[in-house]
Amino acid sequence: MTMRTKILPLFCASLMLGCAQAEEYADTAEADREAIDQVRAQEVAAINSGDLTFTYVTEDFVAMPPNEPAVMGPEGLRAWMEGFMSQFTASLSYPSTDVVISGDIAVEHFNAILTITPVGGGDPVDEMLKGIHVYQRQADGSWKMTHDVWNVDSAPPME
């Protein structure tokens, strides 16, 4: 038996193993995307309903709203949202998102529409948002949001 005939079966076996791993990775990637979609859906539901439990964020969560200091952790987010919701009702939607997953971290670029209506009365205003979400796989295999950074396409009105 020549060296070539000894190596050929090993090459074929490693090629088949590589294909099986690629298929397994594709299945895992799709499951991860679906899990991340669910986290985003939890965020939308929370904002649209005024739910301040924030079960979809990590304990070291960081939000970076436009023209304001960073908001740290679920308690900081809760305080920030309470202030926001004392002034406005909100409706959030994501017309487009693009998620890149690498191991236990995922980064999402998004475009969103935030419709805000003053609590004291007035016409609703649509804000076109763009930003980045960062997600991290948790020890139990679930995904949570670690960072939310966004800004608006138009400057705030001058008073």
Side-chain angles (χ1 to χ4, degrees), residues 20-159:
Q21 288 174 335
E23 187 174 308
E24 179 181 325
Y25 174 77
D27 292 344
T28 301
E30 184 58 33
D32 288 340
R33 285 185 196 289
E34 289 173 8
I36 290 166
D37 288 346
Q38 288 302 311
V39 174
R40 187 181 331 96
Q42 290 173 12
E43 179 199 26
V44 168
I47 290 171
N48 292 353
S49 71
D51 176 7
L52 300 178
T53 57
F54 303 115
T55 57
Y56 59 91
V57 303
T58 60
E59 287 300 314
D60 59 348
F61 176 78
V62 177
M64 296 181 190
N67 305 311
E68 294 189 40
V71 176
M72 310 301 277
E75 289 304 317
L77 180 59
R78 186 171 294 107
W80 187 87
M81 286 298 292
E82 285 172 349
F84 177 83
M85 291 179 170
S86 71
Q87 300 174 55
F88 304 100
T89 59
S91 176
L92 178 67
S93 65
Y94 289 98
S96 70
T97 64
D98 181 38
V99 178
V100 175
I101 301 169
S102 180
D104 291 338
I105 300 292
V107 178
E108 173 180 52
H109 167 260
F110 64 82
N111 291 306
I113 301 170
L114 178 66
T115 303
I116 57 174
T117 305
V119 171
D123 294 330
V125 174
D126 286 338
E127 291 189 343
M128 307 310 283
L129 309 178
K130 58 187 171 283
I132 300 287
H133 289 151
V134 179
Y135 302 90
Q136 184 175 34
R137 187 188 324 269
Q138 304 301 292
D140 66 0
S142 67
W143 287 86
K144 288 193 174 188
M145 191 181 294
T146 65
H147 293 79
D148 187 359
V149 182
W150 74 97
N151 59 40
V152 294
D153 284 345
S154 60
M158 301 300 284
E159 294 184 26

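Everything numeric in this text was worked out from a predicted model, so none of it was measured. When reading the values below, keep in mind they use all heavy atoms of this one structure, side chains included, and skip hydrogens, waters and symmetry mates.
Annotation: side-chain hydrogen bond (donor to acceptor under 3.5 Å, both in side chains) contacts of Tyr94 (sequence neighbours excluded): Glu43, His133. Contacts of Trp150 classified as ring-ring contact (aromatic ring centres under 6.0 Å, His included), with partners at least two apart in sequence or in another chain: Trp80. Listed by chain and residue number, nothing satisfies the side-chain hydrogen bond (donor to acceptor under 3.5 Å, both in side chains) test with Asn48 (two or more places apart in sequence, or in another chain). Listed by chain and residue number, nothing satisfies the ring-ring contact (aromatic ring centres under 6.0 Å, His included) test with His147 (two or more places apart in sequence, or in another chain). For the ring-ring contact (aromatic ring centres under 6.0 Å, His included) test, residues two or more places apart in sequence or in another chain that qualify with Phe88 are Phe84.
Residue Phe61 holds its CZ atom at 10.0 Å from CE of Met72, rounded to the nearest 0.5 Å. How far CD of Gln136 is from CD1 of Ile36: 11.5 Å, rounded to the nearest 0.5 Å. A distance of 4.0 Å separates CE in Met128 from CD1 in Ile113, rounded to the nearest 0.5 Å. The CZ atom of Arg33 sits 9.5 Å away from atom OG1 of Thr97, with the distance rounded to the nearest 0.5 Å. Here Ile105 contributes atom CD1 and Trp143 contributes atom CH2; the two are 7.0 Å apart, rounded to the nearest 0.5 Å.
Applying the salt bridge (charged side-chain N to carboxylate O under 4.0 Å, His left out) rule to pairs touching residues 50-75 yields Glu75-Arg78, sequence neighbours excluded.
Between Val99 and Glu108, the closest side-chain pair of non-hydrogen atoms falls below 4.5 Å.
The nearest pair of heavy atoms linking Val119 to Met85 is CG2-O, 3.7 Å.
Counting heavy-atom neighbours within 6.0 Å of Asp123 CG, excluding the residue itself, gives a total of 12 or less.
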